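Keep in mind that the numbers below use all heavy atoms, side chains included, and drop hydrogens, waters and symmetry copies. If you're wondering where the values come from, they're calculated on a predicted model, not measured in any experiment.
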Amino acid sequence: MKKLLIIVLPLVMGVACTAQKSPEDVNTTQAKELMQNEEVVVLDVRTQDEWNNGHIEGATHLDFYGDDFDAKLAELPKDKEYVVYCHSGNRSGKTVAKMKAAGFENVHNLTGGISAWSGDGNETVK
């Protein structure tokens, strides 16, 4: 029985970890494909300092920690498609959840954020 648990438990844990990925999550390749459409809004939810250090060209900046974040998020058109990113995917994931709850239908979280974007050799601008 012990041997069975040793074999089965890691498999179950692997499935549980895999199941945590949200259907809104996209990797850098998928994000680049989405961004080929000029109608897609790229939304950077990092701080001003992070933005100043480099961002995806054409992105719109909206500071997740800003006092007016929720109000500005509510002003965005809900009929657009969005790719949202931050440094690593945490703040953007929370933003996507907020957007979905507010009625946005076409929102995507760039998993790994700007770190994954740059790590895959994609350019940023200042």
Side-chain angles (χ1 to χ4, degrees):
M1 182 68 171
K2 238 182 186 178
K3 288 182 182 180
L4 182 60
L5 283 176
I6 291 171
I7 294 170
V8 174
L9 189 57
L11 293 173
V12 172
M13 293 298 288
V15 170
C17 291
T18 304
Q20 290 178 344
K21 186 174 189 272
S22 167
E24 291 84 16
D25 289 344
V26 294
N27 62 32
T28 58
T29 302
Q30 294 165 319
K32 283 173 67 173
E33 288 172 12
L34 289 167
M35 290 181 218
Q36 295 298 315
N37 180 347
E38 292 179 9
E39 297 295 315
V40 171
V41 177
V42 180
L43 187 62
D44 183 325
V45 296
R46 298 175 303 146
T47 65
Q48 186 66 51
D49 286 342
E50 289 174 305
W51 167 269
N52 292 342
N53 285 327
H55 53 273
I56 296 173
E57 187 171 7
T60 299
H61 181 235
L62 185 57
D63 187 344
F64 183 84
Y65 296 118
D67 293 336
D68 57 352
F69 178 75
D70 288 332
K72 286 189 174 182
L73 198 63
E75 292 174 2
L76 295 174
K78 292 181 180 172
D79 61 341
K80 297 273 187 181
E81 186 167 16
Y82 295 86
V83 173
V84 186
Y85 74 94
C86 62
H87 177 73
S88 64
N90 184 35
R91 287 172 282 178
S92 56
K94 290 176 182 177
T95 301
V96 166
K98 281 185 178 197
M99 293 174 82
K100 295 289 281 184
F104 290 81
E105 292 186 20
N106 293 313
V107 290
H108 311 280
N109 175 36
L110 175 57
T111 57
I114 195 84
S115 295
W117 179 265
S118 298
D120 284 347
N122 297 298
E123 292 186 18
T124 59
V125 296
K126 291 186 180 185

Rounded to the nearest 0.5 Å, what separation is found between the OG1 atom of Thr28 and the NZ atom of Lys32? 7.0 Å
Indicate if Val26 and Val84 have the same hydrophobic cluster label, given that clusters are the connected sets of ILVMFWY residues with side-chain heavy-atom separations under 4.5 angstrom. no
Shortest non-hydrogen pair, Glu81 vs Leu34, comes out as OE2-CD2, 3.5 Å
Using a strict 4.0 Å threshold on nitrogen-to-oxygen distance, state whether Lys80 and Glu39 make a salt bridge. yes
Is there a side-chain contact between Leu76 and Phe104, using heavy atoms and a 4.5 Å cut-off? yes
Scanning both residues in full, the closest heavy-atom pair of Thr111 with Ala116 reads O-CB, 3.6 Å
Of all heavy-atom pairs linking Asp63 and Phe69, the shortest is O-CD1, 3.2 Å
Do Val40 and Val96 share a hydrophobic cluster (ILVMFWY, side-chain heavy atoms under 4.5 Å, transitive)? no
Closest non-hydrogen atom pair between Thr124 and Ser118, with its separation: CG2-OG, 3.8 Å
Calculate, to the nearest 0.5 Å, the distance between atoms CG and CD belonging to Leu110 and Glu24 respectively. 14.0 Å
For Glu57, does the CD atom have more than 12 heavy-atom neighbours from other residues, nucleotides or ligands under 6.0 Å away? no
Say whether Phe64 and Leu62 are linked into one hydrophobic cluster, either directly or through other cluster members, by side-chain heavy-atom distances under 4.5 angstrom. yes
Please check if the side chain of Gln36 supplies one atom and the backbone of Glu33 the other of a donor-acceptor pair under 3.5 Å. no
Minimum heavy-atom separation for Cys86 to Ser92, with atom names? SG-N, 3.4 Å
Tell me whether Val41 is reachable from Trp117 by hopping between hydrophobic residues (I, L, V, M, F, W, Y) whose side-chain heavy atoms are closer than 4.5 Å. no
Correct closest heavy-atom pair for Asn109 and Gly93 would be OD1-N, 3.4 Å
Quick one: NE2 on His108 to CG on Asp25, what's the gap to the nearest 0.5 Å? 11.0 Å
Looking at OH of Tyr65 and OG1 of Thr47, how far apart are the two atoms once the value is rounded to the nearest 0.5 Å? 8.5 Å
Any non-hydrogen side-chain atom of Thr95 less than 4.5 Å from a side-chain atom of Leu73? yes
For the CG atom on Asp67, are there more than 12 heavy atoms of other groups (residues, nucleotides or ligands in this structure) within a distance under 6.0 Å? no
With hydrophobic residues grouped by side-chain heavy-atom distances under 4.5 Å, do Ile114 and Val83 end up in a single group? yes
Heavy atoms, side chains only, cut-off 4.5 Å: are His61 and His55 in contact? no
Quick check: does any side chain N or O of Thr60 sit under 3.5 Å from a backbone N or O of Leu43, one acting as donor and the other as acceptor? no
Residues in salt bridge (charged side-chain N to carboxylate O under 4.0 Å, His left out) contact with Asp120, at least two apart in sequence or another chain: none
Restricting to salt bridge (charged side-chain N to carboxylate O under 4.0 Å, His left out), what partner residues turn up for Lys72, sequence neighbours left out? Asp68
